[in-house]
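Reviewing the structure listed below.
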Amino acid sequence: MSEIPRIRITDAAKYDGQTVEIAGWLYNLRKSGKIIFPLVRDGSGIIQCVGVKATMPEELFETLKHLTQESSLIVRGKLRAEQRAQGGYELDLESADVVQRVPEETPYPITPKEHGTEFLFDKRHLHLRSRRTHAVMRVRHEIIKAIRDYFDSNGFTLVDTPIFTPAACEGTTTLFEVDYFEDEKVYLTQSGQLYNEATAMALGKVYCFGPTFRAEKSKTRRHLTEFWMVEPEMAYATLEDVKDVAEGLICFVVQRVLENRRTELETLERDITKLEAIKAPFPRISYDQAVEILKRKGSEIEWGGDFGGTDETLLAEEFDRPVMVDRYPAQVKAFYFETDPERPEVALGVDVIASEGYGEVVGGGQRAHSLEVLEQRIRDHNLPPEAFDWYLDLRRYGSVPHAGFGMGVERTVAWLCGLDHIRETIAFPRMLYRTRP
RNA sequence: UCCUGAGUAGCUCAAUGGUAGAGCAUCCGGCUGUUAACCGGAGGGUUGUAGGUUCGAGUCCUACCUCAGGAGCCA
């Protein structure tokens, strides 16, 4: 058919001076008598087109002049560097086909003016087309790709763990019960951790990457009921290895985003200097030291308690990069944590608290590898022993010190994008009062 | 679950207890360099729901519903 190359808007610079075709949607239209400026988006970017009445068929000019927002169309014309246009390039319209015209009786609901959160999330399926959401999704993709590249190039094997699980990983958290399987109660996973320990004993270094479900009545800017988590696990590894890997991972991801997603960060008006500061080494402090800092800053925390959201923010204020806090009281951590041989009251766990008040993005540590200790813990936590029989096998057949952690994807996205609410980090957020669309 | 706040045009918001209004969006008209374009005109309302107080309620009172922010819990 046509000899004209179909291009994507991000590649416009490569086709300067050439006649090209762009297939997309009408983002916005500015018009002035005998000249029109349709803004066309194609998923890769937005480009301003120029249509002059005198140089094109009358019918086409009138069609475009009255085209409605988000109508789909294919435009053809010559690309030209143009300082006055956003993006630096402009397309001189020669011809166009309207694929579907949005009827004026049912106009596109998201106008170029401001809207409230409730409305935008009711129309989330359309909101994804807007500049800001588009930028967040591209950064999210970059982060996920970077996470996988980091593990893949450091000897880890991706082994995904089941979504349906028969028991809790962490006894305290509320689980989503699935009423389908006949023999027993089954729940949606809240972590792949226990299964990771099995695959790590088989493959040495593994990670799983998938959705996670928490039936908590949380209603804050840091929580989703369905979120994505990456969890590496390493055989023959200790708490110190966890810190090194977590630090390496975060630095690698930040670097990738800075290298490949500048435009998106600018669209989001992210303060890039804050991201550039995220470099190794991260400060490493103990829980004891963290409690001291918090008390000095006026927190009501007492030794033995877990940090609240405000505690995490107070702590983050002290540093220009993420801070690693280790050796929490064993009582606030899950049953499977190894304890410090010199101080049995503290667990060999570490949390990475993000800078700028974005809270805990990484949590993990060294796992208990003695059969006797684990059996006692399972009794202490009133967990059903039969559900953990396979897990205990890992301590019967060649148990070794091992360690791992989990990193929340959405919190990382919110942090790197500088968003004030986690719901913006995922295409279709699932929250306490939000299950549609 | 608890605490606080908010529900008025498709959207974002005004309106001392006294005739419900503006901007954007939509439609019509004008404009050859617009940048959330601008200018003129038109249509668009059971003020979240149900009661109550009052001569009179968008406004005051009660209950409920929905949403937002926060707490607890967590990544």
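A, B, ... follow the sequence lines: proteins, then strands. Residue 1 opens every chain. As a basis for the values below, the full set of heavy atoms in this structure was taken, side chains included, without hydrogen atoms, waters or symmetry mates.
Of the listed residues (A:Asp311, A:Leu315, A:Ile293), just one forms a side-chain contact (heavy atoms from CB on, under 4.5 Å) with A:Ser299, and that residue is A:Asp311.
When heavy atoms are screened at a 4.0 angstrom cut-off, A:Val361 is found touching the sugar-phosphate backbone but no base atom. A:Asp306 comes within contact range of the sugar-phosphate backbone alone, with a heavy-atom separation under 4.0 Å but no base atom that close. Looking at heavy-atom distances under 4.0 Å, A:Ile110 makes no contact with the nucleic acid at all. Residue A:Gln48 is in base contact, counting any heavy-atom pair closer than 4.0 Å across all strands shown. Residue A:Val362 is in sugar-phosphate contact alone, with no base atom involved, counting any heavy-atom pair closer than 4.0 Å across all strands shown. In this structure, A:Ala54 reaches the bases: a heavy-atom distance under 4.0 Å links it to at least one base atom across the strands shown. At the heavy-atom level, A:Glu226 lies nowhere under 4.0 Å from the strands shown.
Separating the C1' atom of B:C39 from that of B:G23 is a span of 15 Å, rounded to the nearest Å. Separating the P atom of B:G21 from that of B:A9 is a span of 14 Å, rounded to the nearest Å. Of the P atoms belonging to B:U53 and B:C27, the separation is 48 Å, rounded to the nearest Å. A distance of about 40 Å separates the P atoms of B:G40 and B:A50, rounded to the whole Å.
Rounded to an integer number of Å, the gap from A:Leu26 CG to B:U34 P is 19 Å. What separates CZ of A:Phe213 from C1' of B:A75 is a distance of 14 Å, to the nearest Å. Protein atom NZ of A:Lys219 is 11 Å distant from nucleotide atom C1' of B:U66, rounded to whole Å. As rounded to whole Å, 13 Å separates atom P of B:U26 from atom OH of A:Tyr108. One interatomic measurement links the two molecules: CD of A:Glu62 to C1' of B:C31, which rounds to 14 Å at whole-angstrom precision. Distance, A:His223 NE2 to B:A68 C1': 17 Å, rounded to whole Å. Rounded to whole Å, atom P of B:U34 lies 15 Å from atom CG of A:Asn28. Computed from coordinates, the A:Asp122 CG to B:A68 P distance equals 9 Å when rounded to whole Å.
Applying the Watson-Crick and G-U wobble criteria (two distances, each under 3.5 Å), B:U62 pairs with B:A50. Nucleotide B:A25: unpaired (no Watson-Crick or G-U wobble partner with both distances less than 3.5 Å). When Watson-Crick and G-U wobble pairs are counted only if both distances are under 3.5 Å, B:G17 pairs with no nucleotide at all. Nucleotide B:U32 forms no Watson-Crick or G-U wobble pair with any nucleotide shown, as no partner meets the under 3.5 Å limit on both distances. Nucleotide B:C74: unpaired (no Watson-Crick or G-U wobble partner with both distances less than 3.5 Å). A 3.5 Å limit on both hydrogen-bonding distances identifies B:C3 as the Watson-Crick or G-U partner of B:G69.
Nearest to the side chain of A:Thr111, among B:A68, B:A75, B:C24, sits B:C24. Distances were taken from every side-chain heavy atom of A:Glu104 (C-beta onward) to each of B:A36, B:A68, B:U26; the shortest belongs to B:U26. Among B:A75, B:A36, B:U34, the nucleotide with an atom closest to any side-chain atom of A:Phe37 is B:U34. Closest to the side chain of A:Lys31, out of B:C74, B:U32, B:C31, is B:C31. Taking the side chain of A:His421 as heavy atoms from C-beta on, and the options B:A75, B:G69, B:A25, the nearest nucleotide is B:G69. In the set B:A75, B:A68, B:A25, the nucleotide with an atom closest to the side chain of A:Arg423 is B:A68. Comparing B:A71, B:U32, B:A75 against the side chain of A:Met229 picks out B:A75 as the nearest. The side chain of A:Glu216 lies closest to B:C74, out of B:U26, B:U32, B:C74. Comparing B:G70, B:U26, B:C28 by their nearest atom to the side chain of A:His66 picks out B:C28. Set against B:U32, B:G70, B:U12, the side chain of A:Phe119 has B:U12 as its closest nucleotide.
Position along RNA chain B of the nearest nucleotide to A:Gly363 versus A:Thr220 favours A:Thr220 as the more 5'-ward residue.
Between the side chain of A:Gln83 and the base of B:G33 there is no donor-acceptor pair of N/O atoms closer than 3.5 Å. The base of B:U66 has none of its N or O atoms less than 3.5 Å from a complementary donor or acceptor on the side chain of A:Glu118. Not a single donor-acceptor contact under 3.5 angstrom links the side-chain atoms of A:Arg434 to the base of B:C67. Counting atom types as modelled, A:His115 pairs no side-chain N or O with a base atom of B:C11 as donor and acceptor under 3.5 Å.
Judged by a 6.0 Å distance limit and a 45° cone about the ring axis, A:Arg423 is positioned over the six-membered ring of A:Phe121.
Side-chain contact check for A:Arg430 and A:Thr225: no donor-acceptor pair (N or O, by modelled atom type) lies under 3.5 Å.
Ring-centre distance between A:Tyr287 and A:Phe307: below the 6.0 Å cut-off.
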Could you walk me through whether A:Ser286 and A:Asp288 pass side chain to side chain donor-acceptor pair (under 3.5 Å), step by step?
CA-CA 5 Å; A:Ser286 67; A:Asp288 300 356; 4.7 Å; no
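Counting non-hydrogen atoms of other residues, nucleotides and ligands closer than 6.0 Å to NZ of A:Lys297 gives a total above 12.
The two atoms that bring A:Phe428 and A:Arg124 nearest to each other are CD2-CG, 4.1 Å, heavy atoms only.
Salt-bridge formation is detected for the pair A:Lys243/A:Glu240: a Lys NZ or Arg NE/NH1/NH2 atom is positioned less than 4.0 Å from an Asp or Glu carboxylate oxygen.
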